[in-house]
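Scroll down for the structure; my scribbles are underneath it.
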Amino acid sequence: MIERDGQLKSLWQQGVQPYTTLHTAIENQSYDVIVVGGGITGLSTALLLQEAGKKCLVLEAKNLCFGTTGGTTAHLNTLLDTPYTEIEKKFSKETSREMATAAAAALDLVKRNIEQYNISCGFAEASACLFAQNSKQQKELEEIAHASAAAGLQVELTTDAPPPFRAVKTLRAMGQAKFHPVNYVYGLAKAFESLGGVILQQCQVTDVQNKDGVICTTGKGNFIGRDLIYATHIPPGINLLHLRCAPYRTYAMAVKLEDGQSFNDLVYDMEDPYHYYRSQIIDGTEYLIAGGKDHKTGQEENPAYRFTSLEATVRSHFKFKDIACKWSSQYFESTDGLPYIGHLPGHAEHIYTATGFGGNGMTYSHLAARLLADILLENENPLIKVLSPARIKPVAGFTNFITHNADAVRNFAGKLFSGEKLQELAGIAPGEGKIVQYDGEKIGLVRDKDGQLHAVKPVCTHLQCEVKWNGAEQSWECPCHGARYNCEGKVITGPAVQPLEKIDLGSKSIKPQTAT
């Protein structure tokens, strides 16, 4: 079973072994493009560029699909989370049409890859159904239908609700799809390597310099490239995008339906936060995958409640005995609802990123692949300007703010804490965590499932926000920019690159250490 950035296992991890690479990366070897991140965005982009004749290297800090790709619910849709009504208002009708065209092209790229490289990933076409349950929602739905049709989607309005739901009106959009995301990415990886591409896993990028090319420093040596693409969900380090992308947690579960129930379409209600449903057949078994109950990262005191609430919602519509698996995942929502794809603001030439995908990561991954390929291959694309991260306006005082936070001195150095006293203060069961006040300092304490107590300074190493404990996923989470750490303080999810300051509880006097 592969690992992902969560304690709870997703449906896609079951029965999937870690990907074994074919080639070996050689230190100081030069590449045309270095892609950082081994998820669906990184592999789809690398494959397109390799097909175009570029020599590419993919660097993955953990294993392929460790990040959000391993925890997605994998909806392939052109009916976007940011509705075309909103795109029209914030941008233009022309941009709305361009986004719809690009989303359709992204799905075509998925289908092309599957057919060309014979990828077995349970791909199936479906319709997307968005349904209204009251007059207010109905009015909004009718506006979305009109704007979606104007953008070029094939849609219809009907009074028939997708079973077993009840609705006053339903918008059905044709030309959508679903698949097994990890099996698909593995297929991309094999195709990429067959064309001479190189993948290096368990290889975290610790520094990037731009001197006569991009030089990536990693735990496995230095690698040189002309261009670098951060396909890491949110770019690491500190930059303007972190102030323009809000991190969210979303919750999902997979169940086996009873009484011969079957479920074919992609279905969404219009609640806030909304719920979403679809099915997937894996090894002959059909699973219903349901999700929702989203909230900003680090802003839920009891994440387990979200699972309980989601289960209650699903049981109100479907009959099932057990939950096959449940998990949560993270996404980043941009300020204006559209992704940021292009040159990374505040960074040197030849460094690019793709982020702010919201709930449309599977579609935007391939939209980003096409857009980034067009940028690097110097092809025309109307969305290069529209989705450019350069559309972000600089924030007054941002440079001084970043300098202050990036250079903040860890203030635990030299302090002494009583290990025995902290054990007493903990008062927590295995799997629980909390922040305690002791000797004028806040200390994050977690007792792992084996009963061992861990202590950290509960301050995110990214921009010094206080982290919160997520008992469901067993992680410290930053409510500001979405960085996540395990109970020992090691980084699970960026944009942070440094671990939390760790306190050794094995000695009578506790001195700060660094988690490795």
Side-chain angles (χ1 to χ4, degrees), residues 2-10 12-13 36-42 59-73 181-182 185 201-206 230-239 241-252 294-300 303 327-334 340 353-359 361 365 433 444 446 456 458-500 502 515-516:
I2 65 168
E3 294 299 317
R4 59 171 289 266
D5 62 352
Q7 178 75 14
L8 301 172
K9 304 302 180 184
S10 76
W12 318 120
Q13 293 171 272
V36 183
I40 191 168
T41 302
L59 299 176
E60 165 55 46
K62 300 292 185 179
N63 50 261
L64 296 194
C65 301
F66 177 82
T68 298
T69 301
T72 177
T73 51
V182 174
V185 170
Q201 300 180 87
Q202 306 300 327
C203 183
Q204 182 176 10
V205 175
T206 56
Y230 282 119
T232 51
H233 203 42
I234 190 77
I238 300 172
N239 57 73
L241 290 180
H242 301 148
L243 303 183
R244 292 293 181 266
C245 289
Y248 284 83
R249 300 299 297 176
T250 188
Y251 296 78
D294 303 13
H295 63 81
K296 285 190 173 181
T297 300
Q299 296 188 18
E300 170 58 71
W327 67 98
S328 68
S329 190
Q330 187 151 294
Y331 64 91
F332 288 83
E333 192 78 53
S334 71
Y340 299 116
T353 190
T355 187
F357 289 176
S365 64
V446 176
V456 297
V459 177
C460 181
T461 59
H462 176 237
L463 285 177
Q464 310 300 302
C465 296
E466 184 173 295
V467 295
K468 307 294 183 183
W469 179 248
N470 180 334
E473 288 288 10
Q474 297 289 290
S475 58
W476 290 108
E477 298 180 348
C478 176
C480 295
H481 307 108
R484 299 173 60 240
Y485 310 81
N486 69 8
C487 65
E488 297 178 357
K490 298 176 182 177
V491 176
I492 299 174
T493 304
V497 294
Q498 296 298 324
L500 297 178
K502 184 179 178 182
T516 57

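What you see is a predicted model; the values in this text were computed from it and never measured. Hydrogens, waters and symmetry mates play no part in the numbers below; they use all other heavy atoms, side chains included.
- Proximity of a side-chain donor or acceptor of His295 to a complementary backbone N or O of Tyr248 within less than 3.5 Å is not detected.
- Disulfide check for Cys480/Cys465 passes, with the SG atoms closer than 2.5 Å.
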Ile238 vs His462, side-chain contact (heavy atoms from CB on, under 4.5 Å): CA-CA, chis, key distance, verdict | CA-CA 7 Å; Ile238 300 172; His462 176 237; 3.8 Å; yes

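- A ring-centre distance under 6.0 Å is not found for His242 and Phe332.
- The structure places CG of Asp294 at 12.0 Å from CD of Glu300, a figure rounded to the nearest 0.5 Å.
- Rounding to the nearest 0.5 Å gives a distance of 9.0 Å between OH of Tyr230 and CG of Asn239.
- Heavy atoms only, all atoms of each residue included: Gly471 and Trp469 are closest at CA-NE1, 3.5 Å.
- Atoms CD and SG, on Glu466 and Cys460 in that order, are 11.5 Å from each other to the nearest 0.5 Å.
- Between Pro495 and His481, the shortest heavy-atom contact is CD-O, 3.3 Å.
- Glu477 and Arg484 are joined by a salt bridge, as a carboxylate oxygen and a charged side-chain nitrogen come within less than 4.0 angstrom of each other.
- With hydrogens and angles ignored, the 3.5 Å screen pairs a side-chain donor or acceptor of Trp12 with a backbone N or O of Thr72.
- Going from atom NZ of Lys62 over to atom CZ of Arg4 covers 14.0 Å, rounded to the nearest 0.5 Å.
- Counting only distance, with no hydrogens or angles, the side chain of Gln13 and the backbone of Ile2 share a donor-acceptor pair below 3.5 Å.
- Residue Ala472 comes nearest to Leu8 through the heavy atom pair O-CG, 3.7 Å, listed as atom of the first residue, atom of the second, then distance.
- Side-chain atoms of Ser334 never come within 3.5 Å of backbone atoms of Cys245 as a donor-acceptor pair (strictly under, hydrogens ignored).
- With respect to the salt-bridge test (charged N to carboxylate O, under 4.0 angstrom), the residues Lys9 and Glu3 qualify.
- Contact detail for Thr41 and Ala354: the closest heavy-atom pair is CG2-CB, 4.3 Å.
- Take Ser328 and apply the side-chain hydrogen bond (donor to acceptor under 3.5 Å, both in side chains) test, not counting sequence neighbours, and it matches Arg249, Glu473.
- Residues Gln201 and Leu64 form a side-chain contact, since some pair of their non-hydrogen atoms from C-beta on lies under 4.5 Å apart.
- In terms of modelled atom types and a separation under 3.5 Å, the side chain of Thr461 and the main chain of Ala496 share no donor-acceptor contact.
- For the pair Thr68 (side chain) and Gln330 (backbone), a donor-acceptor distance under 3.5 Å is present.
- From Leu463, atom CG reaches atom SG of Cys478 across 8.0 Å, with rounding to the nearest 0.5 Å.
- A distance of 13.5 Å separates OH in Tyr331 from CD1 in Ile234, rounded to the nearest 0.5 Å.
- Heavy atoms only, all atoms of each residue included: Ser329 and Gly71 are closest at CB-O, 3.4 Å.
- Closest non-hydrogen pair, Ile40 versus Thr69, comes out as N-OG1, 3.0 Å.
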